[in-house]
Amino acid sequence: MRKLIIVLFAGVAAVMSACGPSQSTAGPAATPSPSGSVTTQQIAALAEQVFPKLAQDGRYGVCGLDGNVSACPYTDRLKARLTELRQTLARAQNPSDTRVVTAEIMSPDAGIAHVKLFGGRQTVDLWVVQRNHALLVDDSVCAGRKETSIYATFVACGAAA
């Protein structure tokens, strides 16, 4: 049996079916999604672009840490919100020594990447959508708590570092 979940973010409702629980100046490094159906591997690969391994010390940073999100694989509305708030998706300035990514599919063109940073002390859920055959991050919530959407008036994740 399939369940339908209606998710409301920033006044926009999205209906999703549930079957279970390096930057460049050329533009976003979006993950292509052939034939319209996203996979957990594509969602996880996108999360790894958002929290890339840093070449200088092997820790994990976040795309847009320098305040410039133009090259990040984010939707335009997420780029605008992060620029407005002057913050990153990790909501922390220091890189993490660890990064664990799992993914789930919510519909044929949307999913969630669950990213654990700082040894699991911070969990960020990236809401991923398909736009023009590319996967992009559209929202971020802390540890599955929808009230911590990046579009909420006040967001505090209680993050480490």
Side-chain angles (χ1 to χ4, degrees), residues 5 7-18 21-34 36-54 59-93 95-96 98-118 122-153 155-157 159:
I5 299 172
V7 181
L8 182 63
F9 285 114
V12 178
V15 178
M16 301 176 181
S17 66
S22 68
Q23 301 180 19
S24 81
T25 57
T31 303
S33 179
S37 290
V38 301
T39 66
T40 55
Q41 292 84 1
Q42 291 170 319
I43 294 168
L46 181 66
E48 290 171 358
Q49 291 175 23
V50 172
F51 296 102
K53 190 173 215 175
L54 303 173
R59 295 188 295 167
Y60 300 94
V62 61
C63 189
L65 182 61
D66 61 356
N68 181 2
V69 294
S70 64
C72 297
Y74 306 154
T75 60
D76 289 340
R77 82 178 190 135
L78 181 57
K79 288 178 183 180
R81 180 66 172 160
L82 290 171
T83 301
E84 172 191 358
L85 295 176
R86 296 182 186 173
Q87 75 180 47
T88 67
L89 286 183
R91 300 178 181 121
Q93 295 300 312
S96 173
T98 62
R99 177 192 70 195
V100 176
V101 177
T102 58
E104 67 179 295
I105 297 171
M106 299 302 290
S107 74
D109 60 356
I112 302 172
H114 306 284
V115 183
K116 292 183 180 186
L117 303 166
F118 303 103
Q122 181 182 10
T123 300
V124 178
D125 290 338
L126 303 175
W127 291 73
V128 176
V129 296
Q130 185 177 42
R131 296 282 195 274
N132 299 320
H133 302 288
L135 295 183
L136 299 170
V137 176
D138 187 51
D139 196 4
S140 165
V141 299
C142 304
R145 298 181 347 247
K146 293 177 190 161
E147 72 276 9
T148 65
S149 164
I150 195 73
Y151 302 105
T153 303
V155 178
C157 291

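Computed from a prediction, not measured in an experiment: that's the story for all the values here. The analysis underlying the following values was restricted to heavy atoms, covering all of them including side chains, and did not include hydrogens, waters or symmetry mates.
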Flag, side chain of Lys79 to backbone of Ser70, donor-acceptor distance under 3.5 Å: yes
Contact check, side chains of Leu54 and Tyr60, non-hydrogen atoms, under 4.5 Å: no
Nearest heavy-atom neighbours spanning Gly111 and Ile43: CA-CD1, 3.7 Å
Distance col, row Leu65:CG vs Phe51:CZ, nearest 0.5 angstrom, shows 11.0 Å
Atom pair NZ/OG of Lys116 and Ser96 - distance to nearest 0.5 Å: 12.5 Å
Distance (rounded to the nearest 0.5 Å) between Gln49 CD and Leu136 CG: 9.5 Å
Restricting to non-hydrogen atoms, name the atom on His133 and the atom on Gln130 that form the minimum distance, rounded to 0.1 Å. CA-NE2, 3.9 Å
Please name the pair of heavy atoms, one in Cys72 and one in Gly64, separated by the smallest distance, quoted to 0.1 Å. SG-N, 3.4 Å
Trace of the side-chain contact (heavy atoms from CB on, under 4.5 Å) decision for Leu82 with Leu89: CA-CA 8 Å; Leu82 290 171; Leu89 286 183; 4.0 Å; yes
Stacked cation flag Arg99 on Phe118, 6.0 angstrom / 45 deg: no
Heavy atoms, side chains only, cut-off 4.5 Å: are Val129 and Leu135 in contact? no
Applying side-chain contact (heavy atoms from CB on, under 4.5 Å) to Val115 and Val100, what does each step give before you reach the verdict? CA-CA 6 Å; Val115 183; Val100 176; over 6 Å; no
Would you indicate whether the side-chain heavy atoms of Leu78 and Val137 approach each other to under 4.5 Å? yes
If we only count heavy atoms from C-beta on, is the Val69 to Thr83 side-chain gap below 4.5 Å? yes
Here the pair of heavy atoms bringing Val141 nearest to Ser149 is CG1-CA, 3.7 Å
Do Thr40 and Gln42 have side chains that approach each other closer than 4.5 Å (heavy atoms only, starting at C-beta)? no
Please examine the side chains of Tyr74 and Val50, heavy atoms only from C-beta on, and report whether any two atoms are closer than 4.5 Å. yes
Look up atom CG in Asn68 and atom SG in Cys63, then write down how far apart they are to the nearest 0.5 Å. 8.5 Å
Counterpart residues, salt bridge (Lys or Arg N to Asp or Glu O under 4.0 Å), relative to Arg59 (two or more places apart): Asp57
Any side-chain heavy-atom pair from Thr75 and Asp139 closer than 4.5 angstrom? no
Which atom of Ser140 lies closest to which atom of Val124, heavy atoms considered: OG-CG1, 3.3 Å
Contact summary for Asp125 and His114, nearest pair of heavy atoms: OD1-ND1, 2.7 Å
